[in-house]
Amino acid sequence: MAQKPSIPKGTRDFSPNEMARRNYIFDTVKRVFQIYGFQQIETPAMENLSTLMGKYGEEGDKLLFKILNSGDYLSGVDSTELIQQNSQKLTTKISEKGLRYDLTVPFARYVVQYQNDLVFPFRRYQIQPVWRADRPQKGRYREFYQCDVDIIGSHSLLNEVELIQIVDQIYRNLGLRVILKMNNRKILAGIAETIGEADRIIDITVAIDKMDKIGIDKVNEELLLRGVSSEAILKLQPILNLSGDNIGKLSQIEQVIANSAIGMKGIDEMRTIFRYLASMNLESEIQLDLTLARGLNYYTGAIFEVKSKDVSIGSITGGGRYDDLTGIFGLPGVSGVGISFGADRIYDVMSQLDLFPKDTISAARVMFVNFGDKEEKYCLPILAALRREGISSEIYPDPDKMKKQMNYANRKGIKFVALAGESEIQEGMINLKNMESGEQQLLSAMDLVATLKG
RNA sequence: GUGGAUGUAGCUCAGUUGGUUAGAGCACUGGUUUGUGGUACCAGGGGUCGUGGGUUCAAGCCCCAUCUUCCACCCCA
């Protein structure tokens, strides 16, 4: 046997009924984005590496797919460099393009480039694949689709609130039960400032995360082990023990970080957001979660993450406020906030919960059986008429055995089969068979249209 | 990057302590049925058992290497 063809690790083919379901997600997301007044853009699959590098932290740089320069890509490299085998150094010489890692950074680049043409605050959405050279596993792919919405050019917290409403609306439309977790980078910075150890903030969030599992004593032990001073740990106790509703939690945090200006700003931001939300009738649970840190290092204010309540697959949506992403590209002082829906994970969750509507199939509604030349001639105008009426329809192309043709329709999930042989032609009628019930009725062309439309 | 599994027909998988010509279901082709699918029955095609070495009279099965895919950690959508 010839060697089996395959596709790269972490990538997938999408067959017709997967596409129908994926489009159901994309359509739902898109519709909500549009209702909220966002406009669509697209950017190239590849960007200059200079645009991408250094925006996603150290890890991110490693996970970038790099594209080999065209032509003789070794021409600018001398042999000593080759022998040294310093891949990092070599990379910059043989590769100047990379596949996009997310949609936010290319968007920032886009905004800077078109700053004179855009109307600010600019509301855009973007639905495109991104690539990460990650190790694939459950719910993790090397090529996956993100659906981004961002508002850039406004500091208003109303934008955060709108994004939360969008999240709520989309998951309500999809029928998914989710929990939206929120945190604020400024609060994290305030905590770090308060205990005087900015670089310990990660250890602290990890510790808070373990509270449920191992209890406060063990957490304190671990903090001490990780080098946090006992004085700082003492200060942290109210934060480790956070309880109550979001507003209550904020008050408890406030007591700890009252001396940190930036921290208090974060508290203030969150209070404002929660105040807005209180008057809105949201279905999703919103939860302040201090362990939410988000690796992307460009976030500066609120950060979001959405998880499915019923399937454990990591976050299915994430985002946050970034105050100066365009600054790196030469346009300082432009603040934005955005959020990204992971279409592929949403798909996985919905599949597992069997939440797709049953009629999300792409097959034609009706198929004409092919009995031969004469019958074909009779059917073709009727077929054309159905299509003019917007009824998706097809005719089997060969006069094969009936069994084969019926089987074809059945397997494709075509709901109706139209039969017109000698006797029907004589009467000027069509026999329409419902493939689900097996019932058959003799109809005129006009009645056929009406029946299929209904 | 670290750790653990996996690989047998197009797909999902069986295959006993190593023992002749390697199996099932689904799918495919043909037939029972020349105008009726999804439910029945019969027949057929399709595999150098991931690859390369080794042990053995004998390897799908044991050993080594390598590749692939999957799962967990890290990080993320």
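Below, each value reflects all heavy atoms present in this structure, side chains not excepted, and no hydrogens, waters or symmetry copies. Every chain is numbered from 1, with letters handed out A, B, ... down the list of sequences.
Using modelled atom types, one side-chain atom of A/Ser308 and one backbone atom of A/Asp310 make a donor-acceptor pair closer than 3.5 Å.
Between A/Tyr56 and A/Thr104, the closest side-chain pair of non-hydrogen atoms is not below 4.5 Å. Between A/Gln146 and A/Ile127 there is no side-chain heavy-atom pair separated by less than 4.5 Å. Two residues are said to be in side-chain contact when any heavy atoms from C-beta on lie closer than 4.5 Å; A/Thr28 and A/Phe33 fail this criterion.
Across the P atoms, B/rC13 and B/rG50 are found 15 Å apart, a figure rounded to whole Å. Of the P atoms belonging to B/rU33 and B/rG37, the separation is 13 Å, rounded to the nearest Å. Between B/rG18 and B/rA58, the two P atoms lie 16 Å apart (nearest whole Å). When the C1' atom is used for both B/rA14 and B/rA24, the distance is 7 Å, rounded to whole Å.
In this structure, the CE atom of A/Met435 is 14 Å from the C1' atom of B/rU39, given to the nearest Å. Atom OH of A/Tyr141 is separated from atom C1' of B/rA77 by 11 Å (rounded to the nearest Å). A/Asp150 has its CG atom 13 Å from the P atom of B/rA77, to the nearest Å. Atom CZ of A/Arg132 and atom C1' of B/rC75 are 9 Å apart (whole Å). Between the P atom of B/rU36 and the CE atom of A/Met367 lies a distance of 14 Å, rounded to the nearest Å. When rounded to the nearest whole Å, the span between CZ of A/Arg345 and P of B/rC75 equals 14 Å. Rounded to whole Å, atom P of B/rG38 lies 18 Å from atom NZ of A/Lys412.
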Quick one, give me the B/S/- string for nucleotides 25-35 of chain B, reading 5' to 3', where B means a protein heavy atom under 4.0 Å from the base and S means that only happens at the primed atoms, P, OP1 or OP2.
--SSS-SB--B

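Contact annotation for A/Gln405: no contact, since no heavy-atom pair falls under 4.0 Å across all strands. Within the 4.0 angstrom heavy-atom criterion, base atoms lie near A/Gly139.
Side-chain proximity of A/Asn410 to B/rA77, B/rU36, B/rG38: nearest is B/rG38.
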Tabulate protein N/O versus nucleotide N/O from nucleotides 67-70 of chain B, keeping only pairs under 3.5 Å, one per line.
residue : atom : partner : partner atom : Å
B/rU69  : OP2  : A/Lys9  : NZ           : 3.4

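Take A/Phe65 and apply the ring pair (Phe, Tyr, Trp, His ring centres under 6.0 Å) test, not counting sequence neighbours, and it matches no residue.
Interatomic distance, A/Ser335 OG to A/Arg321 CZ, rounded to the nearest 0.5 Å: 4.0 Å.
Between A/Lys404 and A/Asp398 there is no salt bridge, since no side-chain nitrogen of the basic residue lies less than 4.0 Å from a carboxylate oxygen of the acidic one.
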Pairs under 3.5 angstrom only: tabulate donor-acceptor contacts from the side chains of residues 419-427 of chain A to other protein residues two or more places apart or in another chain.
residue  : atom : partner  : partner atom : Å
A/Glu424 : OE1  : A/Gly421 : N            : 3.0
A/Glu424 : OE2  : A/Asn431 : ND2          : 3.1

Can you give me every donor-acceptor pair (side chain of residues 408-417 of chain A, partner residue at least two apart or in another chain, under 3.5 Å) with its distance?
residue  : atom : partner  : partner atom : Å
A/Tyr408 : OH   : A/Glu394 : OE1          : 2.9
A/Tyr408 : OH   : A/Lys412 : NZ           : 3.1
A/Lys412 : NZ   : A/Glu394 : OE2          : 3.1

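For the residue pair A/Thr317 and A/Glu305, no side-chain donor N or O sits within less than 3.5 Å of a side-chain acceptor on the partner.
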Once pairs are restricted to Watson-Crick or G-U wobble with both distances under 3.5 Å, how does RNA chain B read as a dot-bracket string, [ ] for crossings and | for other-strand pairs?
(((((.(..((((.....[...)))).(((((.......))))).....(((((..]....)))))).)))))....

